[in-house]
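Only one structure is covered here, and it is reproduced in the block below.
For the single chain, residues carry numbers from 1 onward in sequence order.
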Amino acid sequence: MSAFLEGKRAIVTGAGSGVGRVSARRFAEEGARVVCADIQADTAKDTVREIEEAGGTGVAVACDVSNEDDVVAMIATTVEQFGGLDIIFNNVGIPTPRLGALFEDHTVEEFDRLVAVNLRGVFLGCKHAVLQFKKQGTGGVILNTGSVAGLVGWGGTPYGATKGGVHQITRGIAVECAPFGIRSNAICPAAMPFTNFMAAGGLEVDEAALEGIAEHVGAGHPLGRPITAEDCAEAAVYLVSDRAANVTGVLLPVDGGYVAR
Ligand SMILES: NC(=O)c1ccc[n+]([C@@H]2O[C@H](COP(=O)([O-])OP(=O)(O)OC[C@H]3O[C@@H](n4cnc5c(N)ncnc54)[C@H](O)[C@@H]3O)[C@@H](O)[C@H]2O)c1
């Protein structure tokens, strides 16, 4: 069977860790050339090294997705290096800086930062990808990382509000850009304790505590285990591939059945 993404030119944001890193590796394994973008340039370089060691092609780019100039430069680099863009996976997302904080305890600065990275970042990635896709005239694929926190009242209210916005951008583009052959979908993961997301939310725990958290999280999912970056990457590979050619506007929970309860 042929590879899912042979010949595709892709960008993955947040490629230095978690879902982004595993997805970038999987896209490359499936034949894509991948720009690995992250605000932490060193981690993006590590991902590229892993891709190259496995025989694939990757390019590391330092990019803050909340900064329009950075996003424009990221797409320009992709076009320079690979001759065009077929797929953008807008995967970056940050948690509330104090995981577990009550809605009313969030400061305006914390709220604004969540919106800047999680929502403006996806807006910018989608906007400049659509401009590039329309210039090329051959369609294109957008995949965004939403969250179950944008589907149900769980996971932090300001964070969930940014993800609800991501879901709406995803669906709006699916309808508006369908005449141009552009597809737009989102994956909506439930809690993934094994990425660096919890640490980004100020929750540093040792391995034993992490296992306990993972067990607790898994018990809340009908399928009985927590979500992994690998679970998300497999869904991502399908959604960005031509095998999903008639699938657009979908918010796919990767959640072990959490929102189906
Ligand atoms: N981990 C979870 O429990 C969980 C649950 C649901 C959804 N999500 C979503 O999944 C996605 C991936 O999360 P993860 O768990 O892999 O997190 P992670 O913290 O492991 O990885 C996030 C990556 O994004 C990068 N990043 C942060 N801010 C950036 C910016 N402004 N510009 C560019 N890069 C930036 C980080 O350096 C890091 O490499 C996010 O959108 C997150 O909101 C995570």
Side-chain angles (χ1 to χ4, degrees), residues 5 8-30 32-54 56-82 85-97 113-129 132 141-147 159 162-163 166 186-187 189 192-204 228-230 232-233 236-237 240:
L5 305 178
K8 302 292 185 187
R9 301 156 298 186
I11 293 173
V12 177
T13 72
S17 174
V19 173
R21 171 167 286 180
V22 180
S23 298
R25 284 199 316 241
R26 285 289 294 116
F27 286 14
E29 278 168 17
E30 294 291 343
R33 286 172 285 165
V34 187
V35 160
C36 299
D38 204 286
I39 198 168
Q40 297 185 53
D42 287 352
T43 63
K45 285 182 189 155
D46 289 343
T47 303
V48 168
R49 196 171 314 119
E50 290 176 11
I51 286 172
E52 288 173 345
E53 280 168 9
T57 303
V59 172
V61 169
C63 172
D64 176 351
V65 296
S66 69
N67 179 304
E68 187 162 25
D69 290 344
D70 280 10
V71 173
V72 169
M74 171 181 77
I75 290 181
T77 301
T78 312
V79 174
E80 269 163 39
Q81 296 280 325
F82 301 155
L85 175 70
D86 303 301
I87 295 164
I88 188 162
F89 183 13
N90 296 300
N91 163 69
V92 167
I94 55 168
T96 188
R113 185 69 189 146
L114 284 168
V115 172
V117 176
N118 294 0
L119 193 51
R120 190 204 302 158
V122 169
F123 162 71
L124 290 173
C126 291
K127 172 185 160 124
H128 290 287
Q132 179 62 31
V141 178
I142 290 169
L143 181 65
N144 298 321
T145 300
S147 174
Y159 170 78
T162 66
K163 291 300 190 177
V166 169
I187 56 166
M192 291 181 283
F194 297 115
T195 68
N196 287 313
F197 189 79
M198 288 198 319
L203 205 63
E204 297 279 5
T228 63
E230 286 75 11
C232 291
V237 165
V240 303

*Pairing of E52 and R49 as salt bridge, 4.0 angstrom limit*: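 Salt bridge flag = no for R49 with E52.
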_Check ion pair E29-R25 (N to O, under 4.0 angstrom)_ =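 Here E29 does not pair with R25 in a salt bridge, since their nearest N and O are not under 4.0 Å apart.
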Any donor and acceptor pair, going by atom type alone, linking the side chain of [X] with main-chain N or O of [Y] inside 3.5 Å?
{"X": "S147", "Y": "K163", "answer": "no"}
{"X": "K8", "Y": "V34", "answer": "no"}
{"X": "T13", "Y": "N91", "answer": "yes"}

*Residue from V122, L143, V65, V166 passing side-chain contact (heavy atoms from CB on, under 4.5 Å) with N90*: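 Output: one option passes, namely V122.
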*Within a strict 4.5 Å, meaning less than it, do heavy atoms of the F89 and V19 side chains meet?*
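The answer is yes, as the side chains (C-beta and beyond) meet within the 4.5 Å cut-off.
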*Would a 4.5 Å heavy-atom cut-off, applied to side chains only, mark V35 and F82 as touching?*
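A side-chain contact under 4.5 Å exists here.
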*Can C63 and V71 be said to form a side chain to side chain contact (heavy atoms under 4.5 Å, CB included), step by step?*
CA-CA 7 Å; C63 172; V71 173; 4.3 Å; yes
_If I compare all heavy atoms of V48 with all of A60, which pair ends up nearest, and what's the gap?_
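Closest approach of V48 to A60: CG2-N, 3.5 Å.
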*Verdict with supporting geometry, M74 and I88, side chain to side chain contact (heavy atoms under 4.5 Å, CB included)*: CA-CA 11 Å; M74 171 181 77; I88 188 162; 4.2 Å; yes
*Tell me, with the steps shown, if R33 and Q81 meet side chain to side chain contact (heavy atoms under 4.5 Å, CB included).*
CA-CA 10 Å; R33 286 172 285 165; Q81 296 280 325; over 6 Å; no
